[in-house]
Asker: 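Below is a structure I'd like to ask you about.
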Amino acid sequence: MTQHVSPPRDGTGKTAPAGELPAWRGLMGRTDVRTLSLLGVLAALVVIGGVTKPDEFLDTRNLQLVLTQASVIGVVTVGMTFVITSGGIDLSVGAIVALASVWATTVATQEYGFAGILFTAVIVGVGCGLVNGLLIAYGGMVPFIATLAMLASARGLALQITDGRTQIVTVDGVLDLGERDSYVLGVPPLVLVFAAVTIAGWLVLNRTTFGRRTVAVGGNAEAARLAGIDVRRQRLYLYLLSGLCCGIAAFLLIVLSGSGQNTNGNLYELDAIAAAIIGGTLLSGGRGTITGSVLGVLIFTTITNIFALNNLQSDVQQIAKGAIIVAAVLVQRRTASTT
């Protein structure tokens, strides 16, 4: 007597065609391969650094420095990942970091101590994100143009506030966070903040309705609207989130440098976009990965550190980054064409 075996189902109650895996399993497989590939690249860079400068690169202080430097741009990249996943772009993140850092380090702000600096940095970032969100979501402006305008405006305002001078931080509570005495089990506080933002970002993107709406808007905004999602409000929230991340990153940069400068955050927008793209976030929207973005940040930061230790020219470093970006985009296009 022949036993009947039911064909596999795709998770929606429908019978999947014979020999075909459910779509979510295929996506999970591709995600695992991408993550493993990024881990492989990062491991290769660690080997290269260990071989070329074993005493310096593998030193605990240097590894702590790499993670600390990655923390600032990493927090920005988490916010950028959400924006790109929704089909948008934010070219103003570096300028917002600069504006928030100089506004938070003025003499008047420092009179309010640690809380005053932190609050100002965050509120300036959120305020800039609010302007971006209103212009894009309710003003109908193209994200590229709106955020480009914010880039120019924020940079100009930052220069006006500082008059081109560096603003030195004198608040001990802020400066102490950058000292080794404040490390927790050898981990700098900035890295702990980065880890907390990363975990929160991953949970929001992958385990909440907000994250599912973000992916839906990036995949097909009109379909998302017809499904009952308030697309304009969602986009506003996303740029607010990006501004919040910029404000947090500005505070971390203040702790790291002990000052506020109008040149802070230079090219952060390009680094954040590049890290998100090589991590697997689609530039066209509809797919994003916090894990991949973080690995992208670590890869770029490690490359910068290796080049600095080996006294190599910065132009070669930029060429290497450009080649990695091109390769990542080509891989994305190949993956998209086979799905």
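Owing to the predicted nature of the structure, the values given are computational and were not obtained by experimental measurement. We count residues from 1, following the sequence as given.
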Asker: Just by distance, do the side chain of T109 and the backbone of T105 share a donor-acceptor pair under 3.5 Å?
Answerer: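 Not confirmed, T109 side chain does not pair with T105 backbone.
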
Asker: Without hydrogens or angle criteria, can the side chains of T162 and R165 be said to hold a donor-acceptor pair below 3.5 Å?
Answerer: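 No.
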
Asker: In Å and rounded to the nearest 0.5 Å, what is the CG to OG distance from L67 to S71?
Answerer: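 Here the rounded value is 6.5 Å.
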
Asker: Is there side-chain contact between E179 and L175, with heavy atoms separated by less than 4.5 Å?
Answerer: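 A side-chain contact is absent here, since even the closest heavy-atom pair is not under 4.5 Å.
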
Asker: Does any part of the side chain of V76, heavy atoms only, come nearer than 4.5 Å to the side chain of C245, both counted from C-beta?
Answerer: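 Counting from C-beta outward, C245 and V76 never come under 4.5 Å.
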
Asker: Is it the case that the side chain of R213 and the backbone of Q234 share a donor-acceptor pair, with hydrogens and angles ignored and the cut-off at 3.5 Å?
Answerer: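 Judged by distance alone, no pair lies under 3.5 Å.
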
Asker: Hey, mind stepping through T81 and T85 against side chain to side chain contact (heavy atoms under 4.5 Å, CB included) and telling me if it holds?
Answerer: CA-CA 6 Å; T81 300; T85 301; 4.0 Å; yes

Asker: Quick one: do L135 and I145 satisfy side chain to side chain contact (heavy atoms under 4.5 Å, CB included)? Show the steps, please.
Answerer: CA-CA 10 Å; L135 290 176; I145 300 301; over 6 Å; no

Asker: If you define the side chain from C-beta out and look only at heavy atoms, does anything of I84 sit under 4.5 Å from L283?
Answerer: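 Yes. Closest side-chain heavy atoms under 4.5 Å.
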
Asker: Has N62 got a side-chain atom pairing as donor or acceptor with F57's backbone, closer than 3.5 angstrom?
Answerer: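 Checking the backbone N and O of F57 against the side chain of N62, a donor-acceptor pair under 3.5 Å is found.
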
Asker: Any carboxylate oxygen within less than 4.0 angstrom of a Lys/Arg side-chain nitrogen, looking at R61 and D59?
Answerer: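 No.
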
Asker: Mind checking whether M80 and Y268 have side chains closer than 4.5 Å, heavy atoms only?
Answerer: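 No; the side chains remain at least 4.5 Å from each other.
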
Asker: What pair of heavy atoms forms the shortest contact from V72 to L256, and how long is it?
Answerer: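 Looks like CG2-CD2, 4.3 Å.
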
Asker: Output yes when a side-chain donor or acceptor of N310 lies under 3.5 Å from a complementary backbone atom of I306, and no otherwise.
Answerer: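 Yes, the answer is positive, given that a donor and an acceptor are paired below the 3.5 Å cut-off.
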
Asker: State the OG-CG distance between S182 and L192, to the nearest 0.5 angstrom.
Answerer: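 It is 9.5 Å, given to the nearest 0.5 Å.
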
Asker: Which atom pairs, donor and acceptor, lie under 3.5 Å between side-chain atoms of residues 117-134 and protein residues at least two apart or in another chain?
Answerer:
{"unit_1": "T120", "atom_1": "OG1", "unit_2": "G116", "atom_2": "O", "d": "2.7"}
{"unit_1": "N132", "atom_1": "ND2", "unit_2": "S92", "atom_2": "OG", "d": "3.1"}

Asker: Of all heavy-atom pairs between R180 and Q64, which one has the smallest distance, and what is that distance?
Answerer: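 Looking at all heavy atoms of both residues, the shortest contact is NH1-OE1, 2.8 Å.
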
Asker: Under the ring pair (Phe, Tyr, Trp, His ring centres under 6.0 Å) definition, can you give me all pairs with a residue in residues 154-209, not counting sequence neighbours?
Answerer: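 The answer is none; no pair qualifies.
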
Asker: Keeping the roles fixed (side chain from R287, backbone from V215), state whether a donor-acceptor pair exists under 3.5 Å.
Answerer: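 Not at all, since once roles are kept as given, no pair shorter than 3.5 Å links the two residues.
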
Asker: Does the side chain to side chain contact (heavy atoms under 4.5 Å, CB included) test come out yes or no for S242 and D90, once each step is laid out?
Answerer: CA-CA 8 Å; S242 179; D90 191 347; 3.0 Å; yes

Asker: Does S86 reach the main-chain N or O of V83 with its side chain, forming a donor-acceptor pair under 3.5 Å?
Answerer: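 Yes; at least one donor-acceptor contact below 3.5 Å.
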
Asker: Identify the heavy atoms of T147 and I89 that sit nearest to each other, and give their distance.
Answerer: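 The pair with the smallest heavy-atom distance is CG2-O, 3.6 Å.
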
Asker: What verdict does the side chain to side chain contact (heavy atoms under 4.5 Å, CB included) test give for I248 and L244, after you've listed the backbone C-alpha separation in whole Å, the side-chain angles of each residue and the deciding distance to 0.1 Å?
Answerer: CA-CA 6 Å; I248 296 173; L244 173 62; 4.2 Å; yes

Asker: Heavy atoms only: give me the nearest R155-A98 pair and the separation to one decimal.
Answerer: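 Heavy atoms only, the tightest pair is NH1-CB, 3.3 Å.
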
Asker: Enter the distance from L190:CG to Q69:CD here, rounded to the nearest 0.5 Å.
Answerer: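 One gets 11.0 Å once the value is rounded to the nearest 0.5 Å.
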
Asker: Closest approach of V93 and E269, non-hydrogen atoms and distance?
Answerer: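 For V93 and E269, the tightest heavy-atom pair comes out as CG2-CA, 3.4 Å.
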
Asker: Minimum heavy-atom separation for S293 and T77, please, with both atom names.
Answerer: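 Smallest heavy-atom distance, with atoms named: CB-CG2, 3.8 Å.
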
Asker: Measuring from E111:CD to T170:OG1, what's the distance to the nearest 0.5 Å?
Answerer: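 Here the rounded value is 9.5 Å.
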
Asker: For the pair T106 (side chain) and V102 (backbone), establish whether a donor and an acceptor sit closer than 3.5 Å, ignoring hydrogens and angles.
Answerer: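 A pair under 3.5 Å: no.
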
Asker: Name the residue from S101, S257, S259 that meets the side-chain hydrogen bond (donor to acceptor under 3.5 Å, both in side chains) definition with N264.
Answerer: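 Running side-chain hydrogen bond (donor to acceptor under 3.5 Å, both in side chains) over S101, S257, S259 with N264 returns exactly one hit, S101.
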
Asker: Looking at V107, is its backbone amide N or carbonyl O close enough to the side chain of Q167 to form a donor-acceptor pair, meaning the two atoms are under 3.5 Å apart?
Answerer: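 No; judged by distance alone, with no hydrogens or angles, the pair does not exist.
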
Asker: Do any pairs count as a ring pair (Phe, Tyr, Trp, His ring centres under 6.0 Å) and have a residue in residues 210-265, sequence neighbours left out, and if so which ones?
Answerer: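 Only F114-F251 qualify under ring pair (Phe, Tyr, Trp, His ring centres under 6.0 Å).
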
Asker: Quick check for you: to the nearest 0.5 Å, what is the distance between F300 atom CZ and L270 atom CG?
Answerer: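 Those atoms lie 10.0 Å apart.
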
Asker: Going from OG1 on T301 to CG on D271, what distance comes out if it is rounded to the nearest 0.5 angstrom?
Answerer: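 Reported to 0.5 Å precision, the distance equals 8.0 Å.
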
